[in-house]
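All remarks here apply to the structure that follows.
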Amino acid sequence: MTASTPSPLTSDADWWRSAVVYQVYVRSFADSDGDGIGDLQGIRERLPYLRDLGVDALWLTPFYTSPMVDGGYDVADYRDVDPMFGTLGDFEAMITDAHALGLRIIVDLVPNHTSDQHPWFQAALAAAPGAAERARYLFADGRGEDGAQPPNDWESIFGGPAWTRIDDGQWYLHLFDPTQPDLNWRHREVRAEFEDVLRFWLDRGVDGFRIDVAHGMIKADGLPDVGFSSMTTGRRQSELLGKGRLPYFDQDEVHDIYRTWRPILDSYPGGRMAVAEAWAETPQRLARYIGPDELHQAFSFDFLDATWSADSFRKVIDTALGESTIVGAPTTWVLSNHDRQRHVTRYGDGEVGLRRARAAALLMLALPGCAYLYQGEELGLPEVLDLPDELRQDPAFLRTGESRDGCRVPIPWSGDLAPYGFGPAGSALSWLPAPATWQSLSVAAQAGVPGSTLELYRAALRIRHTHPALAGVGGITWRQTGPDVLAFHREVDSVVLTCVVNTGDSPVLIDGYGTPLVASAPLTERDGGHLLPGDTAAWFERR
Ligand code: GLC
Ligand code: MG
């Protein structure tokens, strides 16, 4: 790198502990050149919007050279930008501007597998069975007569067998699409390569990494059979829980990798961090990914999976906070991402879903720890359920009938015509079509409008950043409440902030928590207290 290396913002090495991170699904955020695909220059142009929203950092999904079979999670060159997203120069300009605005940048690292177009895999295909070029992946001979059966019974997370046979008769492993061959993480060169890739992006000023499939890199010795089918149902890896540890997930040896990465991150100034997308059987095992010698965070997907009830939220919050106390690291909350149905829709869709989603946002943003927002949730976007099949691009769709495209529809920014300002003026292109109902959900339609979801997020983020009780990472105290009501407070120097969520449908009287600071739906004063409507959350302050 040259002398222009962007420097991290402050020396606050612990910035990530209570940060709000905004996930940018690059392909669908903002399109600067009118090709219908979001790009780095588009992000750069929208940075002021994100600063004004009040987030601390962005997580960018993969923008590396890729045939885009799995939306860029199939990387062909880990050190370059795909032309559809721009150039390395665009990345450098974007990160320089982001830092100047006080926004940190987290990039996605995809270490479990490469694209089949990666030079290493191409070399492996060109080489003979047993050649050194094949050793960087997981090639094996098949079973049965002529080796016509896969080497074991493992299934791809995208459906079908996890093995594909090539012309010379050998098979290779792919936990995801056949175009995403799994790397052999017991190979010295694989480890060295990714250590170098980490440095490549750290040298360019990135503040952190989101580690894709962080629990998957090590496979059990001998590649043993699992012994039952539907081991990973569609994309819902959480359904694995309780079935016993799979030989390709959460193997103890995976922690060696993170123990080698941590000193690399720590050798850079400014608090460079990493967050694991990891799935483990128990919260205890998930917590092992976090700590001073491994990663900084792991998404708490149990929170995302919680159903709309006070009881369900309270359980997952207690478990997550309990684990975080043990490992001495904050919890990492998330309600939506590019792999899961948007939470407006998960909570019932339509008006009810939106009410609940707004309330859930206030719940999440009042909790101690780091929160990840997914682009468009600040607009209250629902899942697009009726995309025509022929437009769906998720590789899992063809194999399982389940598709993640509905949460990846381009963001509506402004205007009356689809795709609502996603591209430059006059551009009608977008790689997935936005529904007509999104005109009224655009940024321009909501900005400055009291009560809009965008203004709710802006208000909550402003309070979160400035309120003494929310600024820190201190714990929560539950309050005594009814069955449909969740209430907890956080307190600093006798300033008490109470978050109350009514998950039922009838209003409840809230008394004694002080002045309301923000609410997801209007409160009415009653008998010296406040009526909190159904499916609503509010923050109260007492000094
Ligand atoms: C992660 C990503 C997902 C991708 C998969 C394979 O789960 O979030 O989008 O399909 O890994 O890389
Ligand atoms: Mg573009």
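Indexing begins at 1, ligand by ligand and atom by atom, following the structure's order.
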* Structure fact -> Quick note on ligand 1: atoms under 4.0 Å from a heavy atom of Val213 include exactly 11 (O)
* Asked: Is it the side chain, the backbone, both or neither of His174 that has a heavy atom closer than 4.0 Å to ligand 1?
  -> neither
* Within reach of ligand 1, part of Phe158 (heavy-atom separation under 4.0 Å) -> side chain
* Near Arg404, which atoms of ligand 1 are under 4.0 Å from a heavy atom of that residue? -> 3 (C), 4 (C), 9 (O), 10 (O)
* Examine Gly36 and say whether one of its N/O/S atoms is closer to the Mg ion (ligand 2) than 2.8 Å. => no
* Asked: If you count the atoms of ligand 1 from 1 in the order shown, which ones are under 4.0 Å from a heavy atom of Glu277?
  -> 1 (C), 7 (O), 8 (O)
* To do: Go through the steps to decide whether Asn152 and Trp163 satisfy the test side chain to side chain donor-acceptor pair (under 3.5 Å), and finish with yes or no.
  => CA-CA 8 Å; Asn152 66 25; Trp163 295 91; 2.7 Å; yes
* Name of the Asp31 N, O or S atom nearest the Mg ion (ligand 2)? -> OD1
* **Arg340 near ligand 1 by a heavy-atom separation under 4.0 Å** => no
* Rounded to 10°, how many degrees is the angle OD2/Asp39-the Mg ion (ligand 2)-OD1/Asp33? -> 90°
* To do: Taking only heavy atoms of His338 into account, list the atoms of ligand 1 that are under 4.0 Å away from them.
  => 2 (C), 3 (C), 8 (O), 9 (O)
* Using only N, O or S atoms, tell me which atom of Asp35 is closest to the Mg ion (ligand 2). => OD1
* Asked: For ligand 1, which atoms have a heavy atom of Arg408 less than 4.0 angstrom away?
  -> 9 (O)
* Among side-chain atoms of Thr453 and Arg358, is any donor-acceptor pair under 3.5 angstrom? -> yes
* State whether a side-chain donor-acceptor pair under 3.5 Å links Asp108 with Tyr73. => yes
* Looking at Tyr289 versus Trp279, is the centre-to-centre ring distance below 6.0 Å? -> no
* Going by the order shown, which atoms of ligand 1 are within less than 4.0 Å of some heavy atom of Asp70? -> 4 (C), 5 (C), 6 (C), 10 (O), 12 (O)
* Which one of Phe249, Phe301, Phe299 satisfies the ring-ring contact (aromatic ring centres under 6.0 Å, His included) criterion with His215? -> Phe249
* Run the ring-centre check on Phe313 versus Phe303 and record whether the distance is less than 6.0 Å. => yes
* To do: Could you label the plane-to-plane angle of the Phe176 and Phe158 rings as parallel, tilted or perpendicular, counting under 30° as parallel and over 60° as perpendicular?
  => perpendicular
* salt bridge (Lys or Arg N to Asp or Glu O under 4.0 Å) involving Asp35 - partner list, sequence neighbours excluded -> none
* Asked: Where do Cys407 and Tyr374 come nearest, in terms of heavy atoms and distance?
  -> O-OH, 2.7 Å
* Asked: Which atoms from ligand 1 have a heavy atom of His113 less than 4.0 Å away?
  -> 6 (C), 12 (O)
* **Trp431 and Tyr25 aromatic ring geometry - parallel, tilted or perpendicular at 30°/60° bounds** => tilted
* Asked: Should you measure from each heavy atom of Arg210, which atoms of ligand 1 turn up under 4.0 Å away?
  -> 2 (C), 8 (O)
